Visitor: 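Sharing a structure below in structure tokens format, with a few things to ask.
This is a predicted model, so every value here is computed, not measured.
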Amino acid sequence: INNNGNYYVSLNGQGRTGEIYTISTSADVPSSMGGVVMAPVPADRLLFITLPEEYAGPVDLRITDAAGRMVRQEKLVFQGGVPVTLDVSALPAGAYVLHLLSALGSNAQRIVVQH
């Protein structure tokens with residue numbers, strides 16, 4: 001096959017040769033946990049996460065890659081207004097979605113790791 005820049009895509013079994021489609025790779029996840037602060041973004045080695053006082057306590061943290069695969073999962077304990085340090089140095093450079101899940105709400109934000 002010659003690489004002439006033409007592609008074939010089948011959507012629901014119907015050929016769509018010659019048509020151009022765009023897809024979004026962003027994660028639009030509704031957040032019910034407001035006031036979450038993550039810095040710095042992009043992060044090199046460490047990411048600092050701060051939650052407001054009302055979300056103090058145990059929180060499940062999940063990080064997914066651009067394909068939606070979970071690359072990290074752990075339980076953290078937050079104190080309101082006190083940053084928790086997350087070491088992201090083992091993650092390859094790229095874009096991720098960091099999910100925080102607590103009994104009181106959830107939050108998902110894009111983060112970028114850049115070494």
Side-chain angles (χ1 to χ4, degrees):
I1 299 174
N2 293 334
N3 186 2
N4 62 5
N6 294 328
Y7 299 92
Y8 175 81
V9 176
S10 174
L11 300 173
N12 294 326
Q14 298 181 7
R16 299 292 185 199
T17 303
E19 297 181 32
I20 297 174
Y21 296 89
T22 59
I23 60 170
S24 173
T25 58
S26 67
D28 293 327
V29 179
S31 296
S32 61
M33 184 187 291
V36 177
V37 177
M38 296 186 200
V41 176
D44 174 26
R45 201 172 64 77
L46 300 176
L47 178 69
F48 300 95
I49 306 168
T50 307
L51 298 184
E53 183 67 39
E54 62 264 29
Y55 301 113
V59 174
D60 288 324
L61 174 134
R62 296 179 187 150
I63 299 176
T64 55
D65 64 12
R69 294 178 297 244
M70 191 175 331
V71 296
R72 185 167 175 179
Q73 180 177 5
E74 63 185 273
K75 188 172 288 283
L76 301 173
V77 178
F78 284 88
Q79 296 177 356
V82 178
V84 169
T85 304
L86 185 66
D87 185 350
V88 295
S89 62
L91 293 174
Y96 298 90
V97 177
L98 191 145
H99 305 265
L100 299 171
L101 307 156
S102 80
L104 300 175
S106 64
N107 185 285
Q109 292 188 31
R110 270 183 39 118
I111 63 168
V112 175
V113 175
Q114 187 176 33
H115 302 293

Visitor: Starting at CG of L51, measure out to CD of Q79 and round the result to the nearest 0.5 Å.
Guide: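 Going from CG on L51 over to CD on Q79, the span is 11.0 Å.
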Visitor: Any chain of hydrophobic side-chain contacts (each under 4.5 Å) joining V84 to L91?
Guide: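 In one cluster: yes.
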Visitor: Is the shortest heavy-atom distance from the side chain of V41 to the side chain of L47 under 4.5 Å?
Guide: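 Side chain of V41 against side chain of L47, heavy atoms only: contact under 4.5 Å found.
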Visitor: Is V71 reachable from V59 through a run of I, L, V, M, F, W or Y residues, each pair having side-chain heavy atoms under 4.5 Å apart?
Guide: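 Yes, because V59 and V71 connect within a single hydrophobic cluster, where side-chain heavy atoms sit under 4.5 Å apart.
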Visitor: Closest approach of S102 and M33, non-hydrogen atoms and distance?
Guide: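 Taking every non-hydrogen atom into account, OG-CE, 3.4 Å.
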Visitor: To the nearest 0.5 Å, tell me how far L100 CG sits from L76 CG.
Guide: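 The CG atom of L76 is 8.0 Å from CG of L100, to the nearest 0.5 Å.
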Visitor: List the atom of P52, the atom of V36, and the distance in Å for their closest heavy-atom pair.
Guide: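 Looks like CD-N, 4.4 Å.
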Visitor: If you compare all heavy atoms of F48 against all heavy atoms of P83, which two are closest, and at what distance to 0.1 Å?
Guide: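 Shortest heavy-atom contact: CB-CB, 4.3 Å.
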Visitor: What distance separates K75 NZ from R62 CZ, expressed to the nearest 0.5 Å?
Guide: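 K75 NZ to R62 CZ: 9.0 Å, rounded to 0.5 Å.
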Visitor: Roughly how far apart are L98 CG and I111 CD1, rounded to 0.5 Å?
Guide: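 Spacing of CG (L98) from CD1 (I111) equals 5.0 Å.
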Visitor: Please report the closest heavy-atom contact between H115 and A93, naming both atoms and the distance.
Guide: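 For H115 versus A93, the nearest heavy atoms are CD2-N, 3.7 Å.
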Visitor: Measure the spacing between CE of M70 and OH of Y96 and express it to the nearest 0.5 Å.
Guide: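 Output value for this atom pair is 14.5 Å.
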Visitor: About how many Å separate CG of D87 and CZ of R72, when rounded to the nearest 0.5 Å?
Guide: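 R72 atom CZ to D87 atom CG measures 6.5 Å (nearest 0.5 Å).
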Visitor: For F78 and I49, work out which heavy atoms get closest and say how close.
Guide: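 Shortest heavy-atom separation between F78 and I49 comes out as CE2-O, 3.6 Å.
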Visitor: Do the side chain of H99 and the main chain of D60 share a donor and acceptor less than 3.5 angstrom apart?
Guide: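 Side chain of H99 to backbone of D60: no pair is present.
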Visitor: Work out which heavy atom in L86 is nearest to a heavy atom in I63; give both atom names and the distance.
Guide: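 In terms of heavy atoms, the two residues are closest at CD2-CD1, 4.1 Å.
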